[in-house]
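Inspection log for the structure reproduced underneath, given as structure tokens.
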Protein chains: 2
Amino acid sequence: MIRVLLADDEHLIRGAVAALLGLEADLEVAAEVGRGDEVAAAVAAYDPDVAVLDIDMPGADGLTVAEELAAAGARCSICILTSFGRPGYLRRAMAAGVRGFVAKDAPTEELAAAIRKVHAGGRYLDAELAASAMAAGDNPLTAREREILRLIGAGTETARIAELLHLSEGTVRNYLSTAMSKLGESSRFAAVRAAQEMGWI
Amino acid sequence: MIRVLLADDEHLIRGAVAALLGLEADLEVAAEVGRGDEVAAAVAAYDPDVAVLDIDMPGADGLTVAEELAAAGARCSICILTSFGRPGYLRRAMAAGVRGFVAKDAPTEELAAAIRKVHAGGRYLDAELAASAMAAGDNPLTAREREILRLIGAGTETARIAELLHLSEGTVRNYLSTAMSKLGESSRFAAVRAAQEMGWI
DNA sequence: TCCCGCGCATGACAGGTGTCACACCGGGAT
DNA sequence: ATCCCGGTGTGACACCTGTCATGCGCGGGA
């Protein structure tokens, strides 16, 4: 019997996924949590074999949680379950030692299959996602460009960014300009969206 | 036995919700579809008692589908199941004759309860959502303002919008300006976000 | 009836945005 | 050592954006 911890912020969906896994004879949902920052405590309390983590959660996102669990040397394997198959997410997950990555629009059987594979010590990647991650290549943005894109994404004005980073406004605009050109976009907002899409910021 | 049609674009989630409903003795999932524009045909083919529709779907969004089903005089009751409890969505759903509205982060039992209530001819509204819909008030945007905000949201440039709508660029900017002031935002992009948040466009 | 308010529409103006040419510095390659 | 490349940084310029004053037409009260 494989004991599973389920972390997803949408209560009804979490229950539904639990019902789905409950149909499998060899899987058992040992615990459910609705926030990223509750995962560590639940892992300590219930000692699950596999943790299934959503990325988009309040408290702490699934990737950060995965990194923390890996750093803490947790025993359980980790499987990411997400709506957004962003190439950068997959990279970050792999770097954190995650061995399973399933998209929410994958076929129904795929989640159980991924959990079994991961529990057996294997890896399970959505083929589509892996391909697009390869196609996307490495993050072409410099540290400054990422930083400024992040601030723009948070709604910060050019003048405030220049102040925070001790730069002139022209310089801030210039980094945005190079970032936009690298991303093939023609406005700062489109660039932020594109960078987020790729999981680069 | 209540026969249910399930429409949600995320395959795995759809299967999970089906598993959840399958645990209820009096509910049966008669059909599943993954696109809004497949709902009408499935309703015709399987004649379900209740249609559970996600809002965010390719092909046609759940609210539009609900309006079309109502206009076509379909027999089945409709229950909206969505991640986003936007006030405007609830209003639009009510106007389309939808009698159930459940958020994806509602408690697990709530969906089955809503389906039963709706099938019995009653209404089922998430209390939180109903309250915020009341608080949000009516859509203050004029038709032109909505149209232009929608186009901006789709990434259309000012010049192209002016051309499409046979307006001068200045006029387009002016509608954006009044919309921004109504929404309390100071950039076109923030205004689009705010309007989407309220379900106004 | 007259007028007020509202939606629609326009052009002018000030200020913000994106691009460009240019400069400096540190690290490889030759 | 020298050259070149990429990251960092700056100001100037053209263009786009948001606001304002203004005008038109229509429908609902006084």
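Keep in mind that this is a model prediction, so the values were computed, not measured. In what follows, chains are A, B, ... by sequence order, proteins preceding strands, each numbered from 1.
The pair Asp54(A)-Lys104(A) counts as a salt bridge, with a side-chain nitrogen and a carboxylate oxygen less than 4.0 angstrom apart. Between Glu24(A) and Arg116(A) there is a salt bridge, since a side-chain N of the basic residue sits under 4.0 Å from a carboxylate O of the acidic one. Under a 4.0 Å N-O distance rule, the pair Arg160(B)/Glu157(B) does not qualify as a salt bridge.
Here the P atom of nucleotide dG18(C) and the CD1 atom of Ile148(A) are 12 Å apart, to the nearest Å. Atom P of nucleotide dC8(C) and atom CZ of Arg146(B) are separated by 9 Å, given to the nearest angstrom. Taking atom CD of Glu145(B) as the reference point, atom C1' of dA9(C) lies 13 Å away to the nearest angstrom. Atom CD in Glu169(A) sits roughly 14 Å away from atom C1' in dA12(D) (whole-Å rounding). One interatomic measurement links the two molecules: CZ of Arg160(A) to P of dG16(C), which rounds to 16 Å at whole-angstrom precision. Rounded to an integer number of Å, the gap from CD of Glu157(B) to P of dG18(C) is 14 Å. The CD atom of Glu147(B) sits 14 Å away from the C1' atom of dA9(C) (whole-angstrom rounding). Distance CZ (Arg144(B)) to C1' (dA9(C)): 9 Å, rounded to an integer number of Å.
Taking the nucleotide of DNA chain D with the nearest heavy atom to each of Gly170(A) and Thr158(B), the more 5' of the two is matched to Gly170(A).
In this structure, the ring pair (Phe, Tyr, Trp, His ring centres under 6.0 Å) partners of Phe189(A), at least two apart in sequence or on a different chain, are Phe189(B).
Put simply, the residue from Ile55(A), Thr64(A), Val98(A), Ile80(A) that forms a side-chain contact (heavy atoms from CB on, under 4.5 Å) with Arg92(A) is Thr64(A).
Within residues 173-194 of chain A, the residues approaching DNA chain C are Arg173(A), Asn174(A), Ser177(A), Met180(A), Ser187(A), Arg188(A), by heavy-atom distance under 4.0 Å.
Proximity of a side-chain donor or acceptor of Arg75(B) to a complementary backbone N or O of Pro48(B) within less than 3.5 Å is detected.
Using a 4.0 Å heavy-atom criterion, one finds that Thr171(A) contacts the bases of the nucleic acid, with or without backbone contacts as well.
Under the 6.0 Å distance and 45° angle rule, Arg86(B) counts as a cation-pi partner of Phe84(B).
For the pair Thr142(A) and dT8(D), the criterion of a side-chain N or O lying under 4.0 Å from OP1 or OP2 is met.
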